Visitor: 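If you scroll down you'll find the structure; I have some questions about it.
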Amino acid sequence: MLEIKRFGEVESTNDLLKQQGENLPEGTVFVAESQTLGRGRKGRKFYSPKGLGLYFSILLKPEISGEEALLLTPMAAVAVAESIEAIYGVDARIKWVNDVFVDEKKVAGILTEAVTKGNKQTFFVTGIGINIQNPTALMPPKLRNIAGGIAESCEKKEELLRKVLDTFFYYYKNLTKKEYLDSYREKSFLIGKEIFIPDRGEEVYTAVGIDDSFGLIIENKSGERETLFCGEVSVKLT
Ligand code: BTN
């Protein structure tokens, strides 16, 4: 089922797989040495320099509803966090909804995109970028204190790729059973922290839990709760 195709420098493995995915089987994985236009959520750049990280995209053709497709990203986050822990022996946390943190720094991000052409079956591309070594020297100053790395060298890169793919497809076989939900909750980086929602201004909330649909349950200072299903939250620095 797994077919790994390797590339040197590409613009973005997600874009390449979205272009070619229609004629390729599920389980095709595009791995690149580097990306010149690596993308994250909200059109942000994902720095993908040669020799420092693992950048790949997975082609998925499940028969699922749009709502079920929203499970792909949190599931991938669990696969990435568990694999980083298994290979490097560090504690990996998931920042709702799609980022993985080690030592309070972002080391990985996930971007799932859907492609629908005419009346053809929709397919999905889940892209995963992992900073194995710290790439911050190459980044603009304002991003340097957000991103981090996991190790001093990339020698375990192949082992990490295999582990992420094995774990990803283990959970994917029973995607809707959500076997990965407990792990997502345990590894949740935000729970108990004070956060704010940049789109809403200064109001401070506490992140109190993750619901069964991977929504983030937050509580305001008056004790009122609500659940967020998408968007961006930031940790309040004390
Ligand atoms: C994020 O941080 O919001 C998600 C980052 C996803 C990056 C990966 S790297 C492989 C694939 N190709 C891309 O252009 N993006 C994803």
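Here the structure is a predicted model, which is why all the values come from computation and not from measurement. Every number for a ligand or one of its atoms is a count from 1 in the order of the listing. Reckoned from all heavy atoms, side chains included, excluding hydrogens, waters and symmetry mates.
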Visitor: Using the ring of Y47 (Phe, Tyr or Trp, six-membered ring only), decide whether K45 places NZ or CZ under 6.0 Å from its centre and within 45 degrees of its axis.
Guide: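 Checked: cation-pi criterion met.
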Visitor: Which of the atoms in ligand 1, numbered in the order shown and given with their element, are less than 4.0 Å from a heavy-atom of S57?
Guide: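 Those qualifying, in numeric order: 11 (C).
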Visitor: Could you tell me, atom by atom, which parts of ligand 1 come under 4.0 Å of a heavy atom of G40?
Guide: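 Answer, ordered by atom number: 1 (C), 3 (O), 4 (C), 5 (C).
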Visitor: Which one holds for K42 and ligand 1: side chain close, backbone close, both close, or neither close, with close meaning a heavy atom under 4.0 Å?
Guide: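 The answer is neither.
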Visitor: Hey, is K18 close enough to E113 for a salt bridge, meaning N to O under 4.0 Å?
Guide: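 Salt bridge present between K18 and E113.
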Visitor: With a 4.0 Å cut-off, would you call E203 and K221 a salt bridge?
Guide: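 K221 and E203: not salt-bridged.
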Visitor: Before accepting this row, confirm whether a basic side-chain N of the pair D103/R93 lies closer than 4.0 Å to the acidic partner's carboxylate O.
Guide: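 Salt bridge between D103 and R93, a charged N being under 4.0 Å from a carboxylate O: no.
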Visitor: Say whether G38 and ligand 1 are in contact under the criterion: heavy-atom distance to a ligand atom below 4.0 Å.
Guide: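 The answer is yes, since G38 has a heavy atom less than 4.0 Å from ligand 1.
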Visitor: Which part of I110 is near ligand 1, with near meaning a heavy atom under 4.0 Å away: side chain, backbone, both or neither?
Guide: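 The part of I110 near ligand 1 is the backbone, not the side chain.
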Visitor: Of all the atoms in ligand 1, which lie at a distance below 4.0 Å from a heavy atom belonging to S12?
Guide: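 With S12 as reference, the close atoms of ligand 1 come out as 12 (N), 13 (C), 14 (O).
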Visitor: Please work out which of the three classes, parallel, tilted or perpendicular, describes the rings of F168 and Y172, given edges at 30° and 60°.
Guide: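 Aromatic pair Y172/F168 classed parallel.
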Visitor: Distance to 0.1 Å, residue and atom name: give those for the protein heavy atom nearest to atom 5 (C) of ligand 1.
Guide: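 Atom 5 (C) of ligand 1 sits closest to the protein heavy atom F46 CD1, 3.5 Å.
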Visitor: Side chain, backbone, both or neither: which part of K106 has a heavy atom under 4.0 Å from ligand 1?
Guide: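 For K106, the contact with ligand 1 is made by the side chain alone.
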Visitor: Do the charged groups of K50 and E33 touch, with an N to O distance under 4.0 Å?
Guide: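 No salt bridge links K50 with E33.
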Visitor: Taking the minimum heavy-atom distance to atom 3 (O) of ligand 1, which of R41, K45, Q35, R39 ranks first?
Guide: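 Closest candidate by heavy-atom distance is R41.
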Visitor: Taking only heavy atoms of G127 into account, list the atoms of ligand 1 that are under 4.0 Å away from them.
Guide: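 Answer for ligand 1: 8 (C), 11 (C), 16 (C).
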Visitor: Within 45° of the ring axis of F123 and under 6.0 Å from its six-membered ring centre, is that where the NZ or CZ of K61 lies?
Guide: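 Yes, K61 and F123 form such a contact.
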Visitor: To which protein heavy atom is atom 10 (C) of ligand 1 closest, and what is the distance rounded to 0.1 Å?
Guide: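 The closest heavy atom on the protein side is T13 OG1, 3.3 Å.
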Visitor: Could you tell me if K5 sits above the aromatic ring of F7, with its cationic atom closer than 6.0 Å to the ring centre and no more than 45 degrees from the axis?
Guide: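 Here K5 fails the 6.0 Å and 45° test against F7.
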Visitor: Using a strict 4.0 Å cut-off to heavy atoms of F56, name the atoms of ligand 1 that fall inside it.
Guide: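 The list of qualifying atoms is 10 (C).
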Visitor: Can you tell me how the ring of F214 sits relative to the ring of Y180, calling it parallel under 30°, perpendicular over 60° and tilted otherwise?
Guide: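 Correct class here is parallel.
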Visitor: At less than 4.0 angstrom from any non-hydrogen atom of G109, what atoms of ligand 1 do you find?
Guide: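 Selected atoms, number and element: 2 (O), 4 (C), 5 (C), 6 (C).
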